[in-house]
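What follows is a set of notes on a single structure, which appears directly below.
Worth saying up front: this structure is predicted, and the values here are computed from it rather than measured. Convention: sequence-line order gives letters A, B, ...; per-chain numbering from 1.
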Amino acid sequence: MARIVVITSGKGGVGKTTTSAAIATGLALRGHKTAVIDFDVGLRNLDLIMGCERRVVYDFVNVINGDANLKQALIRDKRADNLYILPASQTRDKDALTQDGVERVLNELSEDFEYIICDSPAGIERGALMAAYFADEAIVVTNPEVSSVRDSDRILGILASKTRQVEQGGEPIQGRLLLTRYAAERAARGEMLSIEDVGEILAIDLLGVIPESQAVLNASNAGLPVVLDEESDAGQAYQDAVDRFLGEERPLRFVDVPKKGFFGRLFGS
Amino acid sequence: MGIFDYFRQPRQKSASVAKERLQIIVARERAARGGPDYLPAMQQELLQVIRKYVKVNDDAVQMNVDREGDCEVLELNITLPDDRG
């Protein structure tokens, strides 16, 4: 049985797809057979971030409709042996993701994979609800910014009530916070919500903090999940998050401001 | 903080403003969550009915759904103004 993990946020543009690519790649590199599914029907993008956009033949909706089987649609990643990508369809028909269809695909994947990462679209429409419904746990991607935090709280409300596990009388699924685009210096100056602020408002466990980093854009430009850029701060922060996801303890990095010298303090920055 | 910052107007840091605003709105949205979908509409209609007889504010009707064991308890709180007439 695979563990199904939804990467969600409510708000768009906070780093769900970047995170899905990074976490899935990180899990695969650690030897876990992992599938990552793009649930953003109509706006396929995971393929670009993963660098396999030219290898897409069939997609998620093709599999649901029976036009192709899973083997035909899954794209095998060229960098990580254990990683497979199921791209979103570009159909504009939002109803293409039927609950039965999604369940069938997830069940079939479950037989073969250890982890299934569901890259949720933004918003709280069908695609987002379907990505969350079958999940065993959630990673909530949030920027330290008011609208992102508020939307994350709404998504946590949905996760608490609208999942299969809850509807079948089980416990609400656990959601963990991944704070992205964090600028420690701005937080220290009181210009940005701090890790503690966001943690206090959302009241969920912290999975990791990804610093605001040029490496993220560089990685997406190249179609290379940022977790593979081992030199970069963001890449290392994602590696830590994957380790924590797997139950290991890792201290937070890239969250402290380097102390200024005498002149720095005198003249400010 | 540099030496020149001391001459600037002290003002509240924007992050603490953000935190306060978020805490308020998130608490309000959480309170509205979880209840049945018809709750907001019912609240509005009740308000209109009450207004046929008494002049009350928009927030005069407070509704809350609580769970006690197997029962759901709908708590309805209507605040009437002091000066009736």
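- A:Phe245 meets the ring-ring contact (aromatic ring centres under 6.0 Å, His included) test with A:Tyr115; sequence neighbours excluded.
- Surrounding CD of A:Gln214 are at most 12 heavy atoms belonging to other residues, nucleotides or ligands under 6.0 Å away.
- For the pair A:Asp153 and B:Val26, the tightest heavy-atom approach, listed with the atom from each and the gap, is OD2-CG1, 3.4 Å.
- Contacts from residues 191-203 of chain A to chain B, taken as heavy-atom pairs separated by less than 4.5 Å, involve A:Glu191, A:Met192, A:Leu193, A:Asp197, A:Glu200, A:Ile201, A:Leu202 in sequence order.
- In this structure, A:Glu125 places its CD atom where only 12 or fewer heavy-atom neighbours from other residues, nucleotides or ligands lie under 6.0 Å away.
- Of the listed residues A:Arg154, A:Arg186, A:Glu145, A:Arg150, the one with more heavy-atom pairs under 4.5 angstrom with chain B than any other is A:Arg150.
- Enclosure of atom CZ in B:Arg21 is not indicated, since only 12 or fewer non-hydrogen atoms of other residues, nucleotides or ligands lie within 6.0 angstrom.
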